[in-house]
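This is a predicted model, so every value here is computed, not measured.
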Amino acid sequence: MKNVVLIPGDGIGAEITNSVTTILDEAGAKIDWIEKSAGLKAHEENGNPLPEDTIEAIDEHRIALKGPLTTPVGSGFKSVNVALRQKFNLYSNIRPARTLPSIDSPFRGVDMVLFRENTQGLYIGKEEWVEEADNKRHAEAIAVVTEEASEKIVRAAFEYAVHNDRKKVTLVHKANILKLTTGLFLEVGKRVAKEYKDIEFQDLIVDNMAMQMVMRPQQFDVVVTTNLFGDILSDLASGLVGGLGVTGAANIGDDAAMFEAVHGSAPDIVGKNIANPMGLLFSSLMMLEHIDQKQVAENIRKAIYKTLVEKKVYCTPDIGGEGTTSTFTQAVCDNI
Ligand code: NAD
């Protein structure tokens, strides 16, 4: 058995984590769930959106499955997602985008996995006012790129390619303009690529990448890029296969990993039994692969695909079904 910290989170979090744990248990996943709180509910109950015992549990067990967390707009409430990534140095954000049966999407045959550097780049929000006087306001932002962090994420992408029978790694950058920061990322990528002779390597400038992704996304296999480009391109990739509601995500470091839904807490549909658990379910399959329960993951994936063929009957309204969270959960369990 493997201990996994389960953070249901806010809004629809309880409904979708309940569905996911039911399906994993039915499939015979060898997991002991250790439930902990985080997010708005934890903040209201304890005055802390990331309670100490939640951190201690992740510190001890090193694997977490997390539902969506509400981040109230306004000051005094730091994003728990960002805090967890920083605390456990979860430097790889991994987002697969794969065409699904019966899901409406602009393309078929898409099967790419995007690796986004999770801790650096322009995305870290290192900003300052240079001049604050009226009509003269001037702000600047700093992008941080280190050789060490670049090497870690590029290597993670190549290692994934080797272990998952992938053929090509595409590195995305803007080294023609940002010559030091993304130039360093590209230089490290080219160096690491030489160690992986069996994997094809290509680099693309981010604007060209964006166009290629919406013209011929089937050409991409594993993609690796810096934080802000990855933030944008990973949502674009999800959009190619049906949106954020049907895509999973992982945040992985050297000795801890957190798997999460990429959509939010959907306050408008809480308690209506129509929340779609598929995003978190796909994240949980990445978790099963990570903890060496690959066959269980594969069995669940097949059961989801079978359920999708009868989407109208069993699936939730956001993907065009007339079913509920419960009918989807039961159908996947029956198909396992
Ligand atoms: P949202 O993703 O919660 O909702 C956007 C729309 O998508 C809503 O109409 C919602 O009903 C629908 N939706 C989302 N997930 C769904 C699901 N699983 N099944 C069916 N429909 C679904 O985005 P938002 O409304 O902008 O944000 C709400 C809260 O969630 C905010 O506090 C935000 O900060 C937070 N948020 C958290 C995460 C995270 O924890 N990773 C990500 C995004 C937003």
Side-chain angles (χ1 to χ4, degrees), residues 1-10 13-39 41-42 49-69 79-96 113-119 152-153 155-157 159-160 163-164 234 247-263 265 277-301 304 336:
M1 296 299 265
K2 182 87 188 164
N3 290 338
V4 173
V5 178
L6 179 68
I7 303 172
D10 296 312
E15 295 164 65
I16 60 174
T17 46
N18 185 31
S19 163
V20 168
T21 53
T22 304
I23 292 168
L24 265 60
D25 290 347
E26 177 70 25
K30 293 191 171 32
I31 291 175
D32 276 332
W33 300 105
I34 294 154
E35 193 169 323
K36 293 288 168 189
S37 66
K41 210 164 127 231
L50 186 53
E52 205 49 47
D53 72 322
T54 303
I55 294 179
E56 280 166 15
I58 301 174
D59 214 12
E60 183 180 348
H61 304 296
R62 315 308 291 183
I63 306 277
L65 179 67
K66 185 183 78 56
L69 307 179
S79 164
V80 173
N81 298 317
V82 174
L84 282 170
R85 286 174 199 166
Q86 285 170 351
K87 170 92 190 150
F88 294 102
N89 192 21
L90 306 175
Y91 58 84
S92 307
N93 181 280
I94 307 170
R95 288 264 293 270
V113 182
L114 199 137
F115 281 68
R116 160 188 171 191
E117 204 291 321
N118 228 357
T119 63
K152 272 176 178 265
I153 187 75
R155 205 170 277 289
E159 284 296 314
Y160 178 90
H163 290 106
N164 291 276
S234 58
T247 358
N251 294 284
I252 300 183
D254 284 335
D255 57 2
M258 179 176 74
F259 300 82
E260 64 181 347
V262 282
H263 56 75
S265 53
M278 272 174 64
L280 190 64
L281 188 52
F282 280 124
S283 308
S284 76
L285 301 193
M286 296 172 81
M287 181 188 79
L288 287 170
E289 285 161 5
H290 184 77
I291 60 175
D292 283 334
Q293 299 191 27
K294 286 196 171 128
Q295 193 53 53
V296 182
E298 206 37 49
N299 294 346
I300 298 174
R301 192 182 307 280
I304 299 171
I336 286 170

Do the side chains of [X] and [Y] get close enough for a salt bridge, i.e. N-O under 4.0 angstrom?
| X | Y | result |
| --- | --- | --- |
| Asp53 | Lys36 | yes |
| Arg85 | Glu260 | yes |
| Lys152 | Glu159 | no |

Donor-acceptor pair, side chain of [X] and main chain of [Y], under 3.5 angstrom:
| X | Y | value |
| --- | --- | --- |
| Ser19 | Glu15 | no |
| Gln295 | Ala297 | no |
| Asp59 | Ile55 | no |
| Arg95 | Ser234 | yes |

Hey, mind stepping through Thr54 and Glu56 against side chain to side chain donor-acceptor pair (under 3.5 Å) and telling me if it holds?
CA-CA 5 Å; Thr54 303; Glu56 280 166 15; over 6 Å; no

So with a 6.0 Å cut-off around NZ of Lys41, is the heavy-atom count from everything else above 12?
no

Closest heavy-atom pair, Leu50 versus Ala83, reported as atoms and distance to 0.1 Å, is CD2-CB, 4.0 Å

Taking every non-hydrogen atom, the tightest pair across Ala27 and Ile336:
CB-CD1, 3.8 Å

Could you give me the CA-CA distance, side-chain angles and deciding distance for Lys2 and Asp32, then say whether salt bridge (charged side-chain N to carboxylate O under 4.0 Å, His left out) is met?
CA-CA 6 Å; Lys2 182 87 188 164; Asp32 276 332; over 6 Å; no

Distance-only donor-acceptor check, side chains Asn251 and Asn118, under 3.5 Å:
yes

